[in-house]
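Numbered from 1 within each chain, the chains take letters A, B, ... in sequence-line order. The figures here come from the full heavy-atom set of this structure, side chains too, leaving out hydrogens, waters and symmetry mates.
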Amino acid sequence: MKISKPRGTRDFLPLENHKRRYIENRLRDCALRWGYQEIKTPTFEHIELFTVKSGEGILGEIYNFKDKGDREIALRPELTAPVMRMYVNELTSVPKPVKLYYFDNCFRYERPQKGRFREFWQFGVELIGSQRPEADSEIIALACQMLKEAGVDGDLHIGHLGIIRSLFEGQDSEVSSQIMRLVDKKDDKGLDEYLDKINADIEMRDKLVKLINLTGSSAVDEVRTLIGDLPQLSDFRTLLELMDIYGLEYTVDFGIARGLDYYTGMVFEIYSSGLGAQNQVCGGGSYGLAHLFGGQKIASTGFAIGFDRIMEVCTIEPPVQERAVVVYSEQTYKEAIRIATDLKKHMIVDMDVMGRSFGAQLKYANAIGARCAVIIGEDEAALGKVSLKDMDSGKQVLVDKNDLQNHIATYILK
RNA sequence: GCCCGGGUGGGGUAGGGGUUAUCCUAUAGGACUGUGGAUCCUUCGACUCGGGUUCGAUUCCCGACCCGGGCCCCA
């Protein structure tokens with residue numbers, strides 16, 4: 001009986017996996033150079049971690065089960081909550097800021113479609129301990145840099161929740177959450193209907209509609225005339241100035257919203273074309289979560305990159321990996337192993353394990369796209385040499401086995 | 001959970017109520033046990049599953065599953 005893989009999961013064959021790993025390493029490398037350190041959290045957590053963060057509403061999309069000790073366990077649907085849980089448990093007394101990155105798989109029970117799977121990978125970065133624009137701008141700049149190094153083009157949109165939230169001070173939090181959700185969806189009609197339904201204050205309503213449609217460089221000034229001199233506004237202005245210093249293009253977009261309360265200030269999203277309905281490749285912002293997990297209140301800012309989505313649009317190909325095949329006969333097997341073992345210190349080396357003839361070994365070398373064949377037959381063995389064959393040109397030279405690696409590097413790989 | 005489209009060897013396909021189910025490619029072996037790419041031969045290998053209609057279903061109908069696209073959701 002043939003067993004298929006579960007819905008929404010994928011197998012990665014060598015070619016694709018190699019590319020994924022290559023891009024992953026570029027992202028890691030970038031995060032490390034910016035001073036972020038990798039952490040790892042468990043694949044499963046107590047389910048409360050996620051319901052506390054995101055509400056009971058997420059239960060429908062979580063992979064969860066009871067373990068044998070009757071504990072309610074969830075496969076992580078995201079990584080920010082586990083990282084902050086870890087911070088509260090282990091890292092509260094290390095020097096601030098705490099700068100962390102992670103790359104891991106997450107699980108959500110959703111209908112699969114383009115760019116959306118039930119097991120998917122997130123690359124994320126969190127900066128814990130600062131609520132200053134310097135922190136926010138560094139995080140956005142790092143996100144952009146990482147996408148750039150992965151060969152992904154994106155449109156950066158930056159907004160600020162503190163500013164939009166100031167409009168509904170004194171409102172029921174249920175009401176403001178609902179408004180935020182509709183704003184986030186860009187559902188203007190739904191928003192109108194909802195504002196009608198709750199009989200929203202005309203002035204607030206007018207300001208809200210204007211605010212979420214503000215874009216461009218003059219937006220900050222327009223906000224000031226619209227709702228006055230908020231303290232968050234000067235931070236936001238500083239943030240935008242810093243973005244200019246980083247040399248990044250962006251669109252100010254007060255229409256970016258989040259339906260959850262723990263987002264506090266700056267929010268940003270990066271979109272990429274060619275992905276269909278799931279065009280967001282990165283999302284982030286500043287937030288306060290530690291206190292929800294039993295820690296002290298502390299400001300954080302971070303983002304997560306949808307790794308599977310950037311793989312769909314990334315333009316970078318990993319460098320070709322050159323291979324050599326060591327070809328031998330029955331009598332020279334031992335010597336061939338010695339030579340291959342030595343050569344493996346420098347490049348990818350294959351040797352026949354199928355009991356194939358000389359010709360068939362070369363055929364195999366050709367089939368796997370080997371760059372050269374190192375032939376060690378009885379004639380060569382008698383001379384203490386090997387034949388080195390360039391598989392592209394077909395030319396073959398006799399070289400001393402001690403010069404083999406050198407010769408390959410100089411004349412074949414160049 | 002909802003809507004639309006689709007499922008034929010490992011990959012790509014032709015076909016169609018009764019066929020030995022087409023072709024290409026890939027794999028393994030051989031022609032060819034000291035030299036690859038070409039050619040030829042052999043081998044392996046498929047109608048997603050379950051019901052229904054029918055004398056007979058891979059083909060028609062329904063459902064499930066899976067894939068793709070969209071909705072919902074997006075922490």
| request: Please state whether the base of B:C67 and the side chain of A:Arg10 form at least one donor-acceptor pair under 3.5 Å? | output: no

| field | Distance-only donor-acceptor test (3.5 Å): side chain A:Arg108, base B:A75 | value | yes

| request: If B:C65 has a Watson-Crick or G-U wobble mate with both distances under 3.5 Å, name it; if not, just say none. | output: B:G7

| said: Would you compute the distance between atom CD of A:Glu330 and atom OG1 of A:Thr332 and round it to the nearest 0.5 angstrom? | reply: 9.5 Å

| request: Ignoring the backbone of A:Arg116, work out which of B:C72, B:A75, B:G37 is nearest its side chain. | output: B:C72

| remark: Comparing nearest nucleotides in RNA chain B, the 5'-proximal residue of the pair A:Ser393, A:Leu275 is A:Ser393

| Under 3.5 Å on both distances, the Watson-Crick or G-U partner of B:A75 | none

| query | Which nucleotide in the set B:A75, B:G36, B:C66 lies at the smallest distance from any side-chain heavy atom of A:Arg7? | reply | B:C66

| task | Give one of base, sugar-phosphate or nothing for A:Leu260, where a contact means two heavy atoms less than 4.0 Å apart. | result | sugar-phosphate

| request: Give a yes or no on whether the ring-centroid distance for A:Tyr333 and A:Tyr328 is below 6.0 angstrom. | output: yes

| request: Output yes when at least one side-chain N/O atom of A:Gln113 is less than 4.0 Å from OP1 or OP2 of B:G70, else no. | output: yes

| said: Of the options B:A75, B:C2, B:G34, whose atoms approach the side-chain atoms of A:Ile375 most closely? | reply: B:G34

| task | Scan A:Gly8 against the nucleic acid and name what it touches under 4.0 Å (heavy atoms): base, sugar-phosphate only, or nothing. | result | sugar-phosphate

| said: Between A:Lys99 and A:Glu138, does any NZ, NE, NH1 or NH2 come within less than 4.0 Å of an OD or OE carboxylate oxygen? | reply: yes

| Option from A:Phe103, A:Phe120, A:Phe123, A:Tyr102 for which ring-ring contact (aromatic ring centres under 6.0 Å, His included) with A:Phe307 holds | A:Phe103

| query | Does any nucleotide pair with B:A31 by Watson-Crick or G-U wobble geometry, both distances under 3.5 Å, and what is it? | reply | B:U39

| message | Regarding A:Gln122, tell me which of base, sugar-phosphate or nothing describes its non-hydrogen contacts under 4.0 Å with the strands shown. | response | nothing

| query | Counting any heavy atom closer than 4.0 Å, what does A:Lys389 reach on the DNA or RNA strands: base, sugar-phosphate only, or nothing? | reply | base

| query | Nearest of B:A75, B:G34, B:C4 to any side-chain atom of A:Arg111? | reply | B:C4

| note | Residues A:Thr41 and A:Met86: closest non-hydrogen pair is CG2-CE, 4.2 Å

| remark: Out of B:G29, B:G36, B:G69, minimum distance to the side chain of A:Met354 belongs to B:G29

| task | Compare side-chain N and O positions of A:Arg181 against OP1 and OP2 of B:C73 and report whether any pair is under 4.0 Å apart. | result | no

| Using atom P of each nucleotide, how far apart are B:G45 and B:U22 to the nearest Å? | 14 Å

| said: Using the rule salt bridge (Lys or Arg N to Asp or Glu O under 4.0 Å), only one of A:Arg85, A:Arg76, A:Arg71 pairs with A:Glu45; which is it? | reply: A:Arg85

| So what does A:Tyr262 hit on the nucleic acid, given a heavy-atom distance under 4.0 Å: a base, only sugar-phosphate, or nothing? | sugar-phosphate

| task | Could you work out the separation of B:U19 and B:U27 based on their P atoms and round it to a whole Å? | result | 33 Å

| request: Determine the contact category for A:Gly55: base if any of its heavy atoms lies under 4.0 Å from a base atom, sugar-phosphate if only primed atoms, P, OP1 or OP2 are that close, otherwise nothing. | output: nothing

| query | Starting at the 5' end of RNA chain B, which residue's closest nucleotide do you reach first, A:Thr332 or A:Tyr109? | reply | A:Tyr109

| query | Counting only side-chain N and O atoms of A:Lys363, is one of them less than 4.0 Å from OP1 or OP2 of B:U35? | reply | no

| query | Has the side chain of A:Gln396 got a donor or acceptor atom sitting under 3.5 Å from an opposite partner on the base of B:U35? | reply | yes

| query | Side chain of A:Glu110, base of B:G1: donor and acceptor closer than 3.5 Å? | reply | no

